[in-house]
Amino acid sequence: MKTALTGSLVVCVAAAGIAVGALALEPGTPAAPAAQPPTVPAPPAGAPAAPGNGPYGGGGSTPAPAAATVQISDFTYSVPAATSGSSVAVSNLDGVPHTVTADDGSFRSGTVDGGATGTFVAPAAPGTYQFHCEIHPQMSGSLTVG
Ligand SMILES: [Cu+2]
(Lines give C-alpha, C1' and ligand atoms only; values in the text may rest on other atoms or scores of the structure.)
Protein backbone atom coordinates (compact mmCIF):
# COMPACT_ATOMS: atom_id res chain seq x y z
CA MET A 1 0.00 0.00 0.00
CA LYS A 2 2.69 2.36 0.93
CA THR A 3 4.59 1.86 -2.27
CA ALA A 4 1.53 2.20 -4.35
CA LEU A 5 0.69 5.37 -2.63
CA THR A 6 4.12 6.71 -3.29
CA GLY A 7 3.92 5.75 -6.90
CA SER A 8 0.67 7.45 -7.19
CA LEU A 9 2.18 10.56 -5.75
CA VAL A 10 5.07 10.36 -8.18
CA VAL A 11 2.70 10.05 -11.04
CA CYS A 12 0.81 12.93 -9.80
CA VAL A 13 3.95 14.98 -9.45
CA ALA A 14 5.05 13.93 -12.92
CA ALA A 15 1.69 14.87 -14.30
CA ALA A 16 1.93 18.15 -12.55
CA GLY A 17 5.37 18.64 -13.97
CA ILE A 18 4.14 17.92 -17.45
CA ALA A 19 1.32 20.31 -16.96
CA VAL A 20 3.71 22.95 -15.76
CA GLY A 21 5.98 22.28 -18.68
CA ALA A 22 3.13 22.53 -21.08
CA LEU A 23 2.18 25.80 -19.59
CA ALA A 24 5.76 26.97 -19.84
CA LEU A 25 5.89 25.96 -23.48
CA GLU A 26 2.80 27.78 -24.40
CA PRO A 27 3.44 31.03 -26.05
CA GLY A 28 3.59 33.63 -23.42
CA THR A 29 2.37 37.07 -23.60
CA PRO A 30 3.10 38.41 -27.02
CA ALA A 31 6.10 40.59 -27.34
CA ALA A 32 5.73 44.14 -26.29
CA PRO A 33 3.13 45.70 -28.49
CA ALA A 34 4.16 48.09 -31.14
CA ALA A 35 5.38 51.34 -29.87
CA GLN A 36 2.57 53.08 -28.27
CA PRO A 37 1.40 56.13 -30.17
CA PRO A 38 2.82 59.23 -28.63
CA THR A 39 0.56 61.00 -26.33
CA VAL A 40 -1.76 63.04 -28.39
CA PRO A 41 -0.82 66.63 -27.72
CA ALA A 42 -3.58 68.86 -26.56
CA PRO A 43 -5.10 70.69 -29.45
CA PRO A 44 -3.23 73.89 -29.93
CA ALA A 45 -4.86 76.65 -28.04
CA GLY A 46 -6.02 78.77 -30.89
CA ALA A 47 -5.74 82.49 -30.74
CA PRO A 48 -9.31 83.60 -30.45
CA ALA A 49 -9.79 87.31 -30.24
CA ALA A 50 -9.22 88.45 -26.76
CA PRO A 51 -12.42 89.50 -25.11
CA GLY A 52 -12.90 93.18 -25.13
CA ASN A 53 -11.18 93.64 -28.46
CA GLY A 54 -14.14 92.66 -30.56
CA PRO A 55 -16.19 95.03 -32.58
CA TYR A 56 -18.47 95.46 -29.64
CA GLY A 57 -15.66 96.45 -27.36
CA GLY A 58 -16.29 96.12 -23.72
CA GLY A 59 -12.90 97.30 -22.67
CA GLY A 60 -14.00 100.86 -22.93
CA SER A 61 -10.68 101.80 -24.45
CA THR A 62 -12.17 103.25 -27.60
CA PRO A 63 -13.58 106.71 -27.02
CA ALA A 64 -16.59 107.80 -28.91
CA PRO A 65 -15.84 109.89 -31.97
CA ALA A 66 -17.37 112.89 -30.30
CA ALA A 67 -14.63 113.49 -27.79
CA ALA A 68 -16.82 115.15 -25.23
CA THR A 69 -20.39 116.11 -24.58
CA VAL A 70 -21.56 118.95 -22.44
CA GLN A 71 -24.85 117.98 -20.88
CA ILE A 72 -27.35 120.53 -19.76
CA SER A 73 -29.99 119.44 -17.30
CA ASP A 74 -32.04 121.47 -14.88
CA PHE A 75 -30.20 124.61 -15.99
CA THR A 76 -26.91 123.08 -14.95
CA TYR A 77 -23.92 122.26 -17.11
CA SER A 78 -22.14 118.95 -16.83
CA VAL A 79 -18.82 119.55 -18.50
CA PRO A 80 -16.16 116.99 -19.39
CA ALA A 81 -12.62 117.85 -20.27
CA ALA A 82 -12.14 118.57 -23.95
CA THR A 83 -9.31 118.09 -26.34
CA SER A 84 -8.02 121.27 -27.88
CA GLY A 85 -9.50 121.90 -31.26
CA SER A 86 -11.94 119.02 -30.96
CA SER A 87 -15.64 119.10 -31.58
CA VAL A 88 -17.66 119.14 -28.38
CA ALA A 89 -21.29 118.13 -28.38
CA VAL A 90 -23.91 119.93 -26.36
CA SER A 91 -26.84 117.84 -25.23
CA ASN A 92 -29.70 119.89 -23.88
CA LEU A 93 -31.92 117.71 -21.72
CA ASP A 94 -34.08 120.59 -20.59
CA GLY A 95 -37.32 121.69 -22.15
CA VAL A 96 -36.02 125.14 -22.94
CA PRO A 97 -33.21 126.34 -25.19
CA HIS A 98 -29.72 127.02 -23.86
CA THR A 99 -26.36 128.00 -25.24
CA VAL A 100 -22.76 127.30 -24.39
CA THR A 101 -21.02 130.58 -24.98
CA ALA A 102 -17.47 131.34 -23.94
CA ASP A 103 -17.15 134.47 -21.84
CA ASP A 104 -14.27 135.51 -24.06
CA GLY A 105 -16.08 134.51 -27.21
CA SER A 106 -13.59 131.77 -28.08
CA PHE A 107 -16.41 129.31 -28.70
CA ARG A 108 -20.15 129.25 -28.82
CA SER A 109 -22.70 126.56 -29.52
CA GLY A 110 -25.44 128.83 -30.66
CA THR A 111 -28.93 128.16 -29.40
CA VAL A 112 -29.57 124.53 -28.60
CA ASP A 113 -33.27 123.86 -28.32
CA GLY A 114 -34.68 121.78 -25.52
CA GLY A 115 -34.12 118.10 -26.23
CA ALA A 116 -31.73 118.93 -29.04
CA THR A 117 -28.00 118.56 -29.52
CA GLY A 118 -25.56 121.17 -30.71
CA THR A 119 -21.82 121.40 -31.08
CA PHE A 120 -18.95 123.81 -30.76
CA VAL A 121 -15.26 123.57 -31.35
CA ALA A 122 -13.01 123.68 -28.32
CA PRO A 123 -10.29 126.31 -28.42
CA ALA A 124 -6.93 125.27 -29.77
CA ALA A 125 -5.07 126.67 -26.81
CA PRO A 126 -5.17 124.55 -23.68
CA GLY A 127 -6.61 126.19 -20.64
CA THR A 128 -9.76 126.66 -18.65
CA TYR A 129 -12.49 128.69 -20.27
CA GLN A 130 -15.48 130.19 -18.52
CA PHE A 131 -18.73 130.11 -20.37
CA HIS A 132 -22.35 130.96 -19.83
CA CYS A 133 -25.81 130.63 -21.31
CA GLU A 134 -26.83 133.61 -23.37
CA ILE A 135 -30.46 132.98 -22.56
CA HIS A 136 -30.05 132.39 -18.84
CA PRO A 137 -27.25 134.59 -17.51
CA GLN A 138 -27.31 132.79 -14.20
CA MET A 139 -26.05 129.66 -15.92
CA SER A 140 -22.32 129.33 -16.11
CA GLY A 141 -19.62 126.73 -16.27
CA SER A 142 -16.02 126.19 -17.18
CA LEU A 143 -14.46 124.10 -19.86
CA THR A 144 -11.01 122.63 -19.40
CA VAL A 145 -9.17 122.19 -22.66
CA GLY A 146 -6.09 120.03 -22.76
CU1 LIG B 1 -29.93 128.52 -20.76
Side-chain angles (χ1 to χ4, degrees), residues 5 8-146:
L5 184 59
S8 176
L9 282 173
V10 168
V11 169
C12 284
V13 170
I18 292 168
V20 169
L23 285 173
L25 290 177
E26 286 185 8
T29 306
Q36 300 230 355
T39 303
V40 178
N53 287 345
Y56 298 105
S61 59
T62 303
T69 299
V70 173
Q71 268 195 1
I72 306 173
S73 178
D74 291 333
F75 292 79
T76 301
Y77 295 107
S78 177
V79 190
T83 301
S84 63
S86 70
S87 177
V88 178
V90 177
S91 177
N92 181 1
L93 304 181
D94 281 343
V96 299
H98 293 298
T99 75
V100 173
T101 305
D103 290 2
D104 65 1
S106 57
F107 58 87
R108 61 183 303 163
S109 67
T111 299
V112 180
D113 289 332
T117 299
T119 60
F120 66 87
V121 178
T128 298
Y129 297 80
Q130 304 301 315
F131 64 82
H132 62 275
C133 175
E134 295 177 44
I135 303 166
H136 310 97
Q138 75 276 19
M139 291 175 62
S140 65
S142 65
L143 175 72
T144 299
V145 176

Please report the closest heavy-atom contact between [X] and [Y], naming both atoms and the distance.
X	Y	result
Phe107	Val100	CE1-CG1, 3.8 Å
Val79	Ser142	CG1-O, 3.5 Å
Val145	Pro123	CG1-O, 3.4 Å
Pro80	Ala68	CG-CB, 3.5 Å
Thr83	Ala122	O-CB, 3.6 Å

Qualifying salt bridge (charged side-chain N to carboxylate O under 4.0 Å, His left out) pairs with a residue from [range], counting only residues at least two apart or across chains:
range	answer
residues 81-93	none
residues 136-146	none
residues 110-137	Arg108-Glu134

Going by side-chain contact (heavy atoms from CB on, under 4.5 Å), name the residues that satisfy it together with Val96, two or more places apart in sequence or in a different chain.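 Testing Val96 for side-chain contact (heavy atoms from CB on, under 4.5 Å), a comparison that skips the adjacent residues, returns Phe75, Asp94, His98, His136.
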
Go through the structure and list residues passing ring-ring contact (aromatic ring centres under 6.0 Å, His included) with Tyr129, not counting sequence neighbours. none

Name all pairs fulfilling the side-chain hydrogen bond (donor to acceptor under 3.5 Å, both in side chains) condition that reach into residues 71-81, sequence neighbours left out, sorted by first residue then second.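 For residues 71-81: none.
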
Scan for side-chain hydrogen bond (donor to acceptor under 3.5 Å, both in side chains) pairs involving residues 115-128, sequence neighbours excluded, and state none if there are none. none

